[in-house]
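Quick note: residue numbers are just sequence positions, from 1. These figures come from a predicted structure and were not determined experimentally.
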Amino acid sequence: MINKTLKIRDLTLRDGQQSLFATRMNQDQVDRVLPYYKKSGFYAMEVWGGAVPDSIMRYLSENPWTRLETIKEAVGESPKLTALSRGRNLFGYNPYPEEVIEGFCRLAVKSGIGIMRIFDALNDVDNMKSTIKYVKQNGGIADCAISYTVDPKFSTRQKFRSWVHFKALPHDIFTIDYFVEKARQMEALGADMISIKDMAGLITPVKAGQLIRRLKEEVRVPIDFHTHDTPGFGLASVLSAIVNGVDIVDTNIWNFAGGPAAPAYELIHIFCEKLGIDTGVNLDAVTAINKELKTIREELSDFDTCKVFPNEFDFTKNKLPKEVNKLFVKAIYMAKHDREEELLSACLEIEKYFNFPEPDEMVRRAEIPGGMYTNMLAQLKQLKLDHLLPRVLELVPLVRIKSGCPPLVTPTSQIVGVQAVNCVIDENKDQPFFTTKSIQFVNLVKGIYGHTPIPVDPDFREQLTGVREETPYDTKNYKKQENTIFEEYGDMKLAENEKDELLLELFPTVARDFLQNIVEEKYTENIHAIEEEKRRKAREAREAYERLTPQEKRDRLMQGLYSWTDLSFPEEENLGRS
């Protein structure tokens with residue numbers, strides 16, 4: 001059943017810029033669009049978490065807490081601000097102790113976050129419990145996300161070898177039932193809403209519709225749908241989610257949409273108008289934001305992964321050409337009747353008309369995230385082995401199965417991708433697979449990061465890690481980062497408050513450099529301030545002396561209030577000994 005209202009979560013300032021421009025928007029660029037966001041009518045806007053805190057410290061020398069608080073001050077209570085958090089792992093690999101998770105959640109909500117989107121790279125609900133609890137305790141909304149993925153796709157050669165050795169390859173792992181059960185578990189833990197988080201854009205329109213229908217039947221909280229356009233399913237799958245009753249969808253504004261990012265809000269707006277759905281969004285404000293975003297995108301051209309601008313089109317004034325309007329009508333009909341190929345064809349024609357990037361066919365065939373693909377290719381190029389990429393792609397399913405079939409989402413996508421490259425390196429050296437292995441892959445197999453979707457073979461775990469049983473991370477082994485005291489800077493501390501301490505815990509290397517630069521800048525500013533104060537007092541003393549009568553000057557000289565040096569005033573720095 002189609003809802004008559006649909007809430008929109010705008011991703012432009014976090015996922016949008018991260019997907020397209022390596023998270024390089026600076027504070028000035030963000031500030032330029034905030035007055036319009038205040039009037040936008042979006043239900044929520046994602047502005048924090050993900051790569052934002054790390055990137056703005058690393059590349060822009062900006063404080064993540066300041067970024068969040070500035071946005072909150074500008075937009076007020078509407079839209080609600082959203083952040084992305086990786087459960088017990090927060091932003092790293094290893095789980096954090098309770099006090100770090102509590103502090104992060106408390107200060108994030110206090111600084112402006114209204115909705116915390118909580119996910120786990122393994123879909124291990126146990127890893128989400130603490131964050132759900134602390135977000136809700138501090139008055140935030142717990143948005144629990146299911147990381148959408150698909151079963152490993154095996155080559156003909158792998159299937160043949162499996163048949164020869166009478167070993168059945170795992171299948172039917174990530175079914176509709178699997179995702180619905182995860183949602184039910186999250187709701188039982190206190191989730192205020194459930195998100196389908198399709199970070200790789202792999203969910204097809206029919207699967208999206210099936211999943212939304214089941215979730216609407218079996219959980220009571222609102223359902224949010226999040227996908228990307230990378231392999232070309234995005235727009236069609238969002239439309240399918242809408243006609244099947246989804247409550248919230250995630251979009252980007254026109255100039256920050258499409259390609260590896262989420263679909264454009266403006267296209268969703270047209271669909272909703274034709275379906276009689278009210279999004280509550282102020283299209284005039286969105287148009288104003290988009291105009292500014294075009295300039296910002298031009299400023300970020302060095303980091304633009306697509307370098308393809310969508311055609312300019314003012315949706316507040318211009319009418320759609322008849323042939324394009326027909327495509328929207330056709331897409332809606334096909335979505336309602338689960339006619340997937342025709343729905344995809346219509347949506348791709350719409351995006352082609354407006355000049356959005358074409359689907360990434362490699363990602364579509366390999367069924368892996370675009371970022372994972374580019375990371376593997378970069379690793380191979382560095383080793384001058386990029387001609388072996390097809391073999392790496394063939395080994396990704398094997399690596400996934402061996403490690404418990406983790407969803408391909410940050411950071412497991414990187415762990416699996418790196419290990420697939422390592423296996424090809426081993427093969428190239430006539431060594432057994434997994435001779436070369438990363439510590440992250442070892443920890444994944446060992447159980448450090450949590451429960452995997454399917455059990456890891458105990459023999460393989462023992463071979464790789466030395467233990468047969470799953471071994472969770474013991475936070476008793478956690479060592480807090482040292483808060484350095486700089487004697488050379490007047491005993492200033494590296495982290496001067498709890499927010500700084502959290503940055504240090506969550507991003508040890510990047511935050512240490514960032515905070516040390518702040519210490520050095522503050523010390524330099526203090527030195528300048530002290531010198532300026534000395535000069536000010538000297539000027540005041542001289543002015544006071546000049547106002548004295550000759551007799552008063554002699555009296556003060558005899559009383560020792562001035563020296564003969566003072567009287568000559570050879571330098572300003574020698575003044576003011578009074």
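Two residues are said to be in side-chain contact when any heavy atoms from C-beta on lie closer than 4.5 Å; D192 and K136 meet this criterion. Side-chain atoms of I146 and I194, non-hydrogen and from C-beta on, do get closer than 4.5 Å to each other. F303 places none of its side-chain heavy atoms less than 4.5 Å from the side chain of T23. Considering only heavy atoms from C-beta on, K437 comes within 4.5 Å of Q419 through its side chain. Within the 4.5 Å cutoff, side-chain heavy atoms of Y449 are placed close to those of Q440. Residues F460 and V445 form a side-chain contact, since some pair of their non-hydrogen atoms from C-beta on lies under 4.5 Å apart. Residues R220 and E187 have side chains in contact (heavy-atom distance under 4.5 Å, counting atoms from C-beta outward).
In the model, N123 has a side-chain atom that pairs as donor or acceptor with a side-chain atom of Y178 under 3.5 Å. Under 3.5 Å, the side chains of S85 and R117 contain no donor-acceptor pair of N or O atoms. T230 and D360 are not linked by any side-chain donor-acceptor pair at a separation below 3.5 angstrom, with hydrogens and angles left out of the test. Inspection of the E98 and Y134 side chains reveals an N or O donor paired with an N or O acceptor under 3.5 Å. S40 and N282 form no side-chain donor-acceptor contact under 3.5 Å, judged by distance and modelled atom types alone. Between the side chains of Q27 and D31, a donor-acceptor pair is found at a separation under 3.5 Å. Side-chain contact of D198 with T227: a donor-acceptor pair under 3.5 Å is present, judged by distance alone. Residues Q516 and R512 have side chains that never bring a donor and an acceptor to within less than 3.5 angstrom of each other.
When all heavy atoms are compared, the tightest approach of P152 to I401 is CG-CD1, 3.7 Å. Minimum heavy-atom separation, P64 to M57: CD-CG, 3.6 Å. Here the shortest heavy-atom pairing between P407 and T412 reads O-OG1, 2.5 Å. In terms of heavy atoms, F42 sits closest to S78 at O-OG, 4.2 Å.
Residues forming a ring-ring contact (aromatic ring centres under 6.0 Å, His included) with F486 (at least two apart in sequence, or on another chain): Y489. For D54, the side chain to side chain contact (heavy atoms under 4.5 Å, CB included) partners at least two apart in sequence or on another chain are R58, F507, V510.
Of the charged side-chain nitrogens involved, at least one lies within less than 4.0 Å of a carboxylate oxygen, so that R297 and D304 count as a salt-bridged pair.
A cation-pi geometry, defined here as NZ or CZ lying under 6.0 Å from the six-membered ring centre and within 45° of its normal, holds between R24 and Y59.
Ring to ring, F174 and Y148 are not that close: their centroids are 6.0 angstrom or more apart.
Remark: N26 CG to Q17 CD distance equals 9.5 Å, nearest 0.5 Å. For the atom pair CD of E292 and CG of N255, the computed distance is 11.0 Å after rounding to the nearest 0.5 Å.
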